[in-house]
Amino acid sequence: MGGASGKGVRIAIDRGGTFTDCVGNSGTGKMKDDIIIKLLSEDPSNYDDAPLEGIRRLLSRFTGREIHRGEALDTSPIESIRMGTTVATNALLERKGEKMAMVVTKGFKDCLEIGNQSRPKIFDLAIRRPDVLYHKVIEIDERVTLEDYAEDPERNITKVEPGANDSELVRGLSSEAVRILQRPSEDTVRSQLKALHDEGFRSIAVCLMHAYTFPHHEALVGRLAKEIGFKHVSLSHELMPMIKLVPRATSACADAYLTPAIKKYISGFQAGFEGGLGAASVKEGGAKGARCEFMQSDGGLVDVDRFSGLRAVLSGPAGGVVGYALTSYDPETRTPVIGFDMGGTSTDVSRYGSGRYEHVFETTTAGVTIQSPQLDINTVAAGGGSRLFFRNGLFVVGPESAGAHPGPACYRKGGPLTVTDANLFLGRLLPDFFPKIFGKNEDEGLDDRASERLFTELTETINKETNKNMTADEVAYGFIQIANETMTRPIRSLTEAKGHDTSQHRLATFGGAGGQHAVAIAESLGIRQILVHRYSSVLSAYGMALADVVDESQEPDSQVWDEDGKAKQVLCKKMEELKWRSTKKLQDQGFTEDAIIFEEYLNMRYRGTESALMVIRPKSEDAQKEYDGDNWAFGKAFVKQHEQEFGFTLPDRDIIVDDVRVRGIGRSFEGLEKTVDQQLKEIKPKDIEGQKQYGKSQVYFEGGRRHTSIYKLEDLDVGDRLKGPAILADGTQTIVVTPEASALVIETHVVINIGDDSAGVKVNAKEVDPIMLSIFAHRFMAIAEQMGRALQKTSVSTNVKERLDYSCALFDASGGLVANAPHLPVHLGSMSTCVRTQAEIWKGRLKRGDVIVSNHPEYGGTHLPDITVLTPAFSGDNIVFYVASRAHHADIGGILPGSMPPYSRELFQEGAAIKSEKLVSEGTFNEQRITELLYDEPAQYPECSGTRCLADNINDLKAQIAANKKGINLISTLIEDYGEDVVQFYMRSIQDNAELSVRNLLKDAAKRFGEKPLEAIDFMDDGSPIKLKIIIDAEKGEAVFDFEGTGPEVYGNINAPEAVTYSAIIYCLRCLISEDIPLNQGCLKPIDVRIPKKSFLSPSEKAAVVGGNVLTSQRVTDVIFRCFEACAASQGDCNNLTFGFGGNQSGEKELKGFGYYETIAGGSGAGPDWEGTSGVHTHMTNTRITDAEVFERRYPVLLREFSLRAGTGGNGQHKGGNGVIRDIEFRVPVQVSILSERRVFHPYGLHGGEDAACGRNIWVRKVMTGGRGENADEIEERHINLGAKNTASMQPGERIIVMTPGGGGYGKVGDERKIEQRKDHEQSWKKGSLAYRQETQETSV
C-alpha cells in the first residue's frame, strides 16, 4: 500500500455485491507487509456488517489479540479506513431509497417522466422506461429565462448594471443576463412545503428552471424547507451547477433519494467503533480518532461526513480504475492502459492515459441519468454469469445473467449454462483453486459434471438443428469466442471514439474472470502486452488504499474565449476563487497547503455546437514545448484536443467557455517503489520448463485439447518466465496463457506478452459453421460501426457529428444489405433499394476509386435531406461488395430553410434531387458538379434557394467518402484473414439466417390466425387510405404484403417512396420477432411486397415526399401491426415543428437568421401484456427533445409548459399512453411550421380497447380587436386551430401549443389486467460515454 508511513494501521475495503475485499497494512506502506482478507458481503448467521467484520479480523492480526465479534473496535491503532460501497447502487437498483418529493418550476411537473422523450430499446413494443425516484411533485409558481439567445445572428449581448438586483433583469453566475418573469410567493411556497411535510415527506429535491445560473429561488425554497423541518434538502445548483434541467433534476432526486440511505448506513458503521471516525474526530479526539474516507464515483476519496448519495453510485468500480491506473501506468513511457474488469455479474471497461482520469459528466446507472463527475466506466457484458443460448441458428452470449442466485450450473443450485461453465468445462477454470462454498452445506467445490451434462444436451440440440456433428468441446469453445467478440466490439468503440488506437495500449485485467479471457481480448484489439496485478482480484480495495482525497467544484460561464482580453481575466479570477474554496475544504480534512495540488479545467466548445470538451490547463513542460511557455493556453489546448477527438477544427468560430472547474487533490499517494516499465528494464528473465509446476491438465485451445502446465502463483519467483499453454492460479484468480503467449513474473504483476500468430485461419466455405456465422455477424456489424465512427469524426455539421443522424452499411455484390449501423428504422430497408438501383444503373461502368451519390426518392431515397454515398469494392475487375453511408444534411435548398416544408406540393420545393451522379471519378472529387447539383440547380425553381450551407454539405460528403473507404479497408483485412470466398459465403449465410427467422415468424403467425388473410386499413388525415392484405403460405413461411386499395398520389407531401414501406416492413418484422436477429436483406426474402404504382406509397418522380418519411411511414407501421393484431396504434406521428427566420427564398439579398427543427413525443399503444407509455417517441422515429434550458439559451423562446396530456390515451384492459402538451412562446418574429398527423383520425384501440384522443395544434394569436371608443386598438388573445399541416408568421408574445395524440387502449375496459413484468437485463450496467453515444445514435431519427 502506497503513502507515507504514519501512526498505525491503514485499512482499505471494497464492499461488492458478492464479496467484500479488505487490504490492511501495518503502516509501512510496503506490499510485503499487506494482509488481504476476502469475505462474503452477506452472511447474517455470522456477522451483521461485512466491512466491520473485515476490520475486526485485520485488527486481530495486526494487534496479535483476538477481538471478539460484537466488541466495539478501538480506533487508536488505526491511522485510516478507506471504503468503497455498493449501498447507493443497490438502493437505486432495488428502488429502496428514501421516500422523497420533487419541487420544480410550474409547467414542468412531468419533466422527468418525459425525460428526453426517446425510448430505451428501439424495437421493443412494450416500452419500459425506468421508474422515477420521487413519490410526489409540487410545482412552484416562479420563472426566469435568459435575455439573449446564442443563435442570434446579430450576437446582441444585454448589459446588466451591477447592483441592480431588484430589477427584473439581473446578471447570473454564468455572466448571462437573466430576466425574472415571476418571483415566488414565500407564503405560498411555505404552505406547499408544509403540506408535503404533513404527508410524511422528510427529504426533497429542488430543481428550478435556470437555477444553475440564477440560484436565488432555489435557495429560498431550501431555506423554507429547513425551517419547516425537512431532514434532507437537495438543491440542484449546489450539487451540479450545469445547464440542462432534466439531468440536473434527476441528479437532485438521486441525491435526495440516496443520501439518507448512505447516512443511515454510515451511522450504523460508526456505531461499531470505540472512538470517532473522520477528519473532525481526528481534530477533536487526537489519538482516539481515525481518518475515514469513502470512494466517490470520480475516483477521489472524501471524508465520511461529506459523503453523499449522488457521488456514491460508482464507489466500488472507481477503486478498481484507480488501482490499475496507479499500478500499470508509467508517467515516463506514457503508454496508455485499457482496464478490463471481468467479474461474475458484469464486465467493465475504462481507459487511463496522459496521467489523468477520464471523466464523464452525464451518465446512466440503474436507469437513472446523473449529472456529476464520474469516471468513464462502461459495462460491456454481463461477466462470468452471462448466459449461453442457441437462437435462430446463432450462438448468443447474454445479456441475461445467472446472477449470484442460482448462479452458473456448476454452483450446485440448478442454474443455467454460463461463460463460467464453458471455462470450467474446457479446463480453463480449476476446481482445486476455487473456494469450497457450494452445495447444501456450503462446503463443496464447483460441480463440473453439471456443466458437462448441460453442454452435452445443448450440443445434441445444436447438431439436430444444423445437421452438424460438433463436439461439446467445440460448442463450449464457440461460446467463449462469441463472448470475446461481444466484449471486444464495445472496447474498440470506447477507445476509437476518443481518437485513440487500441493497439497502442496495454490491457490491465482484474476481477475474478478477467484472466481467462484477457489474451483473446488483447489479440482481437491488436494489444501485445497484458498486465495482471498480484492483487488483481482485490484491486478495487487496493485502489482505495492508493487514492487521493478530492474536492470537486464547478461554476457555469458563458464567456467567449480570448487569449489576452477581459474574458481571460474574469476566468482567472473565477478559477482562483474556486481553488481558494477547495483549499479550505481540504484543509478542514487535515491536509496542509503543500500537500494540495489542483487540476484546472475549462469546459469549452465551438459556437453553434454542443460537443463541449473538458480541457485541462497545460502542465509547465507541455506549455514550454507546445504553447510558447503559456500555461494558460486553454484555447490552443482546446483546438488540439478537438482535432484529436473529432478530426477537424473550426478556426472561424468563437470558442465558448461553458464551465470553470477545479479538482482539488489532497495527496496521500506518493508513488510506487518501481513502475512496471522500470521493473521490466531491470529484470533478468529465466525460463522455467516444467519446473515448479503444480500439475498438468488437458485444456481446450483453438484446434483441440492440449497438455497444459498448471502453476501456483505463490510458487513462482520474480523473473520466472513460462511459455504457453499454461495456467497460473491462486485462491482468487486464474490466468490462462495461450500457446502463442508467454508470462513473466515481476514484483507487482504477471506480465503476459503475446507472440505473433502468423498461421492463417482456415474456414470451410461450403457449409455453414454456426460459430463462424455468429462471429461474422459480429465482424460485419463492427465494420458498419467503425465506418460510423469515421463518419462522425470527420464530419462537420451538427446533424451528423452531434445528433448522429446517419447510417453506414455493408452490401453484397448484388446490393443486398449485410449489416447496418446504427439501426435507424427508416434506413433499414431503404438503403438497399438505393444500392441495388445504383448497381443496376452503373453495371459494368464503374472503376476503382469511383463513388456514386444519390438522394432521389425514385432511386431508393427516403426524403431529400438524406443523401446516400456509395462505393464499390473490387477484386480484379469484379465488384465483390459495396459500402454506403447515408447522412441527414441540415439543408439542401428548396422553399424553406431546413428543406422540410410543411406545405410542399412538388419535389423541387424540397431541395436538390440527385438521381445518380459520380461524386468521385477514379479518385478525383468532383466539387464543381456537386456544387451545381446542390447550390445552382435548386435555385432555378420559383421561390426556391440552393443549399444554405454548401460548405457543410461538401465537408459531410467528404466525410461519407472517408467512412466508405474505412469500410472497404476493413473488409479487405477480413478477406486477407479468411479469404474472399469465405467472406462472400458468410455474407450470403448471414442473410439466409435472417430469412430463416422471418420464415419462422410467418409460420407461427399462420398457426395463430389460420388460413384467413390478415387485413387492415387506416387513413391519413386527408382521407387517403392505406390498405394492406397479408396472405401467408404456412408451409413455406412466405407472405404476400399487398397494398392494393391504397389511395392515389397526393398533391401534397405525404407521398412515401417505396423504400420507406420496405423499411417499415423490416422494422415491424424485427419488433414481432422480439429477439436480436441480424437485420439485413434476408428479412425481406420471404416477403413479396406489392405496392400499386401511382399510389401515394409509390408516387411519380416529381411528387413531394417530405412527409412520407416522417408521417406516412408511421401509418404504414400502424397498418402492419393491426394486421398481426400485435398492439393498439401509437400516436402515429412525429409532430414535426420548425421555426426560424432568414434565408434567400425569393432571390433577394440574403438575410442572416436561424432555423430550428424538433419532433415531439406522444403516447404509445397498449398490447396484450403491457400498458402504453406516455410522452415517448414510437416506431419509425426516436429523436431526443432539446432540454428546456438549452432550448431557451439557444433560441428566442419561452417554454411555458412541457407536460403529459392527461386522459388522451385510449382506455381498456390495458390503457394507452398519454400524449404531451408543448407550449412555446416566441420572443422575436418567426416563421413557424407544423407538419403532423392524427389530427382527424384517432389512433385505434384493439380487441375492444378504446381509441386514443387526436392531437391539436393551436396558435395563440394576439390580434387588434378593432373596437370603438375605449375599446379601440385593444389586443385580444385568440386561440386558432392550425390544423395538421400549416405555417404562420408569429409575433413576439404569440405561442404555438402542440397537443400530441395518445396511444390506443387494448382489451375491454373492466377485463383483468395481464401485465407481464419484463426484466431489463442491462439496467444495472454502468453506462458511460459508450452507452451515451449509442443512445444518441438510436435517438437521431
Side-chain angles (χ1 to χ4, degrees), residues 489-490 492-501 609-611 642-650 780-811 817-824 826-828 830-832 834-835 851-855 861-862 865-873 881-890 892 919-920 925 930 934 949 951-972 1183 1329-1330 1332-1341:
R489 256 173 65 196
R492 187 179 281 112
S493 294
L494 177 71
T495 317
E496 291 181 356
K498 293 181 179 176
H500 305 295
D501 178 356
T609 72
E610 290 296 318
S611 301
H642 201 280
E643 171 77 47
Q644 186 206 330
E645 201 152 319
F646 300 123
F648 71 95
T649 60
L650 297 169
F780 292 145
M781 275 302 289
I783 288 168
E785 287 167 356
Q786 287 178 76
M787 285 173 68
R789 282 195 295 280
L791 174 53
Q792 186 205 11
K793 185 170 168 145
T794 50
S795 65
V796 169
S797 72
T798 303
N799 259 356
V800 178
K801 177 160 294 300
E802 292 169 15
R803 289 186 62 235
L804 308 187
D805 194 347
Y806 63 78
S807 262
C808 294
L810 162 63
F811 303 84
L817 177 66
V818 175
N820 170 276
H823 287 146
L824 307 188
V826 82
H827 291 178
L828 282 172
S830 57
M831 273 178 88
S832 181
C834 177
V835 174
V851 179
I852 307 301
V853 62
S854 175
N855 70 339
T862 48
D866 281 347
I867 300 181
T868 305
V869 172
L870 161 73
T871 309
F881 57 87
Y882 293 92
V883 288
S885 51
R886 176 174 281 177
H888 184 108
H889 289 244
I892 50 155
L919 184 60
V920 180
F925 183 73
I930 198 65
L934 291 174
C949 48
D952 280 9
N953 295 136
I954 287 174
N955 278 322
D956 283 356
L957 287 168
K958 285 180 177 174
Q960 288 178 255
I961 294 165
N964 288 2
K965 179 80 177 147
K966 173 85 170 175
I968 285 174
N969 292 343
L970 289 167
I971 301 175
S972 300
T1183 44
S1329 62
L1330 182 65
Y1332 183 80
R1333 176 195 162 81
Q1334 189 179 334
E1335 284 162 12
T1336 306
Q1337 283 180 317
E1338 291 184 350
T1339 56
S1340 62
V1341 280

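These numbers come from the heavy atoms of this one structure, side chains and all, not from hydrogens, waters or symmetry mates. Numbering of residues begins at 1 and proceeds along the displayed sequence.
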Nearest-0.5 Å distance, [atom1] of residue [X] to [atom2] of residue [Y]:
X: I783; Y: I968; atom1: CD1; atom2: CD1; value: 11.0 Å
X: L870; Y: F811; atom1: CG; atom2: CZ; value: 8.0 Å
X: L957; Y: D952; atom1: CG; atom2: CG; value: 10.5 Å
X: K966; Y: T871; atom1: NZ; atom2: OG1; value: 15.0 Å
X: M831; Y: L817; atom1: CE; atom2: CG; value: 8.0 Å

Looking at every heavy atom in both [X] and [Y], which two are closest together, and how far apart are they?
X: A809; Y: M787; answer: O-CE, 4.0 Å
X: S885; Y: L791; answer: CB-CD2, 4.3 Å
X: P865; Y: I892; answer: N-CD1, 3.7 Å

Next item on the list: Could you list the residues that satisfy ring pair (Phe, Tyr, Trp, His ring centres under 6.0 Å) with F780, not counting sequence neighbours?
Entry: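 For F780 the ring pair (Phe, Tyr, Trp, His ring centres under 6.0 Å) partners, ignoring immediate neighbours, are F776.
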Who pairs with [X] by side-chain contact (heavy atoms from CB on, under 4.5 Å), at least two apart in sequence or on another chain?
X: A782; value: R489, Q786
X: T868; value: C834, A884, R886
X: I954; value: F925, E927, I930, T931, L950, K958

Checklist line | With N953 via side-chain hydrogen bond (donor to acceptor under 3.5 Å, both in side chains) - residues at least two apart | finding: H889, T947
Next item on the list: Identify which one of I852, I961, I867 satisfies the side-chain contact (heavy atoms from CB on, under 4.5 Å) criterion when paired with L919.
Entry: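 So the option named by the test is I961.
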